[in-house]
Q: 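Let me give you the structure first, and then I'll get to my questions.
Since this is a predicted model, take the numbers as computed values, not measurements. Indexing begins at 1, ligand by ligand and atom by atom, following the structure's order.
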Amino acid sequence: MYIDLKNRVALVTGASRGIGRGISLMLADSGVHVILTARSMDKLQKVKEEITSRGGNATVIPADIAKEQDIKTLFKIIMDKFGRLDIVINNAGIGIWGNLVDFSIEDFDKIMNINVRGTYLCCQQAMKMMIPQKNGYIINISSVVGFKGYPNQSAYTASKHAIMGLTKSLAVEAQEHNIRISAILPGGVETDLSFKARPDLDRSLLILPEDIAKTVLYLLSLSDRAMVDQIFVRRMSSSPF
Ligand SMILES: NC(=O)c1ccc[n+]([C@@H]2O[C@H](COP(=O)([O-])OP(=O)(O)OC[C@H]3O[C@@H](n4cnc5c(N)ncnc54)[C@H](OP(=O)(O)O)[C@@H]3O)[C@@H](O)[C@H]2O)c1
């Protein structure tokens, strides 16, 4: 066990695979009851089975974060079932790649709806639960493109910059309620998404989802006197700027 988070309740969006799955497994190993959400029920059930086979606790609540009603229902179920929510990991996200000139506005809207609007709405619902608790931690998974730019990624990059703006503003707004908001900015993690985005990269050099999960646990291990606004985790083989 990395740190003792026994009996805390956490929501992880995009928990069905990749980084979200990695974070969910490690949170559950640390004693957290993890609420797993994404659209693919079958994959979420598999993650739940993995968690329970390791002695952990998880609940599956499928939701499409592009749909406001799904998000409202998700948080209502959490409130009814658990009555509290200590940690939210806003990890669900998509990438669609292509040069700006040929990029369709439908694909732009799809990225913004999931990555920005979905994350914003989850923060809104989380704050509504956490303010009365006077406690909580929200971690938004941004990206290296939350401060850098790459060709053929303008819509995705705009969405990850937006998540940084949301995180910075909400972090200050939430302070008076003893709620912390941080961003993790990974670059090149070994998942389906990075494989599609950068098929040129040697997969053996990519960051492991477990590395991002450990970064989450590090943030959660700090006392509520400490505030980390953002952590940039890059590939060892990449450049920092
Ligand atoms: N991999 C990287 O190199 C990298 C680097 C920096 C940042 N990130 C960010 O890290 C996060 C996770 O990425 P990943 O690499 O793990 O990607 P991934 O393997 O493609 O996983 C994405 C997750 O998001 C969920 N998701 C997508 N759309 C959703 C929706 N509308 N509603 C609910 N869940 C949805 C997916 O589940 P369903 O399809 O089942 O809904 C899946 O669980 C993303 O925000 C990504 O931008 C990744």
Side-chain angles (χ1 to χ4, degrees), residues 11-26 34-48 60-75 88-97 107 109-123 125 139-150 153 155-164 166-167 183-203 205-213 215-216 230-238:
L11 168 67
V12 180
T13 71
S16 60
R17 59 176 190 269
I19 295 172
R21 172 183 166 274
I23 293 171
S24 300
L25 292 177
M26 215 174 271
V34 187
I35 299 152
L36 310 164
T37 196
R39 292 164 302 182
S40 320
M41 187 67 176
D42 51 335
K43 288 190 183 141
L44 289 171
Q45 283 297 354
K46 278 195 187 125
V47 177
K48 179 181 169 165
V60 169
I61 309 175
D64 180 347
I65 66 155
K67 296 179 181 157
E68 185 179 11
Q69 193 50 53
D70 273 25
I71 294 175
K72 285 186 171 162
T73 305
L74 166 69
F75 279 83
V88 173
I89 314 293
N90 282 314
N91 163 79
I94 59 160
I96 305 172
W97 326 107
D107 282 347
D109 288 346
K110 224 183 264 176
I111 289 182
M112 290 298 163
N113 268 338
I114 296 172
N115 295 7
V116 184
R117 188 171 175 271
T119 302
Y120 188 92
L121 289 170
C122 286
C123 284
Q125 291 298 318
I139 298 175
N140 293 333
I141 306 299
S142 176
S143 165
V144 57
V145 300
F147 76 94
K148 266 180 158 177
Y150 287 108
Q153 298 195 15
Y156 180 68
T157 299
S159 78
K160 292 300 180 175
H161 271 66
I163 287 178
M164 293 313 298
L166 160 64
T167 306
I184 299 176
L185 298 84
V189 186
E190 194 186 0
T191 69
D192 294 351
L193 184 145
S194 66
F195 185 58
K196 284 178 199 144
R198 299 289 306 274
D200 56 306
L201 291 178
D202 177 351
R203 287 178 76 76
L205 297 178
L206 295 178
I207 299 165
L208 297 169
E210 295 77 45
D211 292 318
I212 306 306
T215 309
V216 165
Q230 49 183 271
I231 301 185
F232 173 29
V233 187
R234 69 179 169 87
R235 286 179 290 120
M236 184 65 173
S237 53
S238 68

Q: Any chance CZ of F232 has more than 12 other-residue heavy atoms, nucleotides or ligands included, within less than 6.0 Å?
A: yes
Q: Quick one: which ligand 1 atoms are inside 4.0 Å of a heavy atom on I94?
A: 27 (C), 28 (N)
Q: Start with the C-alpha distance between S194 and L206, add both sets of side-chain angles, then the distance that settles side-chain contact (heavy atoms from CB on, under 4.5 Å), and finish with yes or no.
A: CA-CA 9 Å; S194 66; L206 295 178; 3.8 Å; yes
Q: So which of G14, G93, S159 gets nearest to atom 22 (C) of ligand 1, if we judge by its closest heavy atom?
A: G93
Q: Check G22 against A213 and note the closest heavy-atom contact, atom names and distance.
A: O-CB, 3.6 Å
Q: Which atom pair, heavy atoms only, marks the closest approach of N115 to G93?
A: OD1-CA, 3.3 Å
Q: Run the contact test for K160 against ligand 1 with a 4.0 Å cut-off on heavy atoms, strictly below, and give the result.
A: yes
Q: Show the nearest heavy-atom pair for residues P209 and V189, with the distance to one decimal.
A: N-CG1, 3.7 Å
Q: At what distance is the nearest protein heavy atom to atom 2 (C) of ligand 1, and which residue and atom is it?
A: V189 N, 3.5 Å
Q: Which of the atoms of ligand 1 are close to G18, meaning less than 4.0 Å from one of its heavy atoms?
A: 16 (O), 19 (O)
Q: Counting only heavy atoms, tell me which of K196, E190, K43, R39 gets closest to atom 29 (C) of ligand 1.
A: R39
Q: Would a 4.5 Å heavy-atom cut-off, applied to side chains only, mark D202 and S237 as touching?
A: no
Q: Suppose I only count heavy atoms of A63 and a 4.0 Å limit; which atoms of ligand 1 are within that range?
A: 32 (N), 33 (C)
Q: Just how far is it from atom CG of L201 to atom CZ of R235, taken to the nearest 0.5 Å?
A: 4.5 Å
Q: State whether the shortest distance between N or O atoms of I19 and N or O atoms of ligand 1 falls below 3.5 angstrom.
A: yes
Q: May I ask you to identify the nearest protein heavy atom to atom 31 (N) of ligand 1, giving residue, atom name and distance to one decimal place in Å?
A: D64 OD1, 2.8 Å
Q: Do R198 and Q153 pass the side-chain contact (heavy atoms from CB on, under 4.5 Å) test, and can you show the C-alpha distance, the side-chain angles, and the key distance before you say yes or no?
A: CA-CA 11 Å; R198 299 289 306 274; Q153 298 195 15; 4.3 Å; yes
Q: Identify the closest protein heavy atom to atom 32 (N) of ligand 1: which residue and atom is it, and at what distance?
A: I65 N, 2.9 Å
Q: Would you indicate whether the side-chain heavy atoms of R39 and K67 approach each other to under 4.5 Å?
A: no
Q: Is T191 touching ligand 1 with its side chain, its backbone, both, or neither, if touching means heavy atoms under 4.0 Å apart?
A: side chain
Q: Looking only at protein heavy atoms, which one is nearest to atom 47 (O) of ligand 1, and what is the separation?
A: Y156 OH, 2.5 Å
Q: Distance under 4.0 Å to a non-hydrogen atom of S40: what atoms of ligand 1 satisfy this?
A: 38 (P), 39 (O), 40 (O)
Q: Which protein heavy atom lies closest to atom 37 (O) of ligand 1, and at what distance to 0.1 Å?
A: S16 OG, 3.0 Å
Q: Quick one: do T167 and Q230 satisfy side-chain contact (heavy atoms from CB on, under 4.5 Å)? Show the steps, please.
A: CA-CA 9 Å; T167 306; Q230 49 183 271; over 6 Å; no
Q: Is there a side-chain contact between D211 and L208, using heavy atoms and a 4.5 Å cut-off?
A: yes
Q: Counting each atom of ligand 1 from 1 as listed, which ones have a heavy atom of G188 under 4.0 Å away?
A: 3 (O)
Q: Hey, which atoms in ligand 1 end up nearer than 4.0 Å to a heavy atom of N91?
A: 10 (O), 11 (C), 12 (C), 44 (C), 45 (O)
Q: Which one of S143, G95, S194, A92 has a non-hydrogen atom at the shortest distance from atom 26 (N) of ligand 1?
A: A92
Q: Heavy-atom distances under 4.0 Å decide this one: backbone, side chain, both or neither, for I114 against ligand 1?
A: side chain
Q: Hey, could you give me the CD1/CD1 distance between I23 and I184, rounded to the nearest 0.5 Å?
A: 6.0 Å
Q: Rounded to the nearest 0.5 Å, what separation is found between the OG1 atom of T191 and the CZ atom of R21?
A: 12.0 Å
Q: State whether the shortest distance between N or O atoms of G187 and N or O atoms of ligand 1 falls below 3.5 angstrom.
A: no
Q: Only heavy atoms of S142, strictly under 4.0 Å: list the atoms of ligand 1 that pass.
A: 6 (C), 7 (C), 8 (N), 9 (C)
Q: What is the closest protein heavy atom to atom 21 (O) of ligand 1, and at what distance does it sit?
A: R17 NE, 3.6 Å
Q: Give the C-alpha distance, both sets of side-chain angles, the deciding distance and a yes or no for side-chain contact (heavy atoms from CB on, under 4.5 Å) between D70 and I65.
A: CA-CA 7 Å; D70 273 25; I65 66 155; over 6 Å; no
Q: Quick one: look up the protein heavy atom nearest atom 6 (C) of ligand 1 and list residue, atom name and how far away it is.
A: P186 O, 3.0 Å
Q: Closer than 4.0 Å to some heavy atom of L193 - which atoms of ligand 1 meet that?
A: 15 (O), 17 (O), 20 (O), 46 (C)
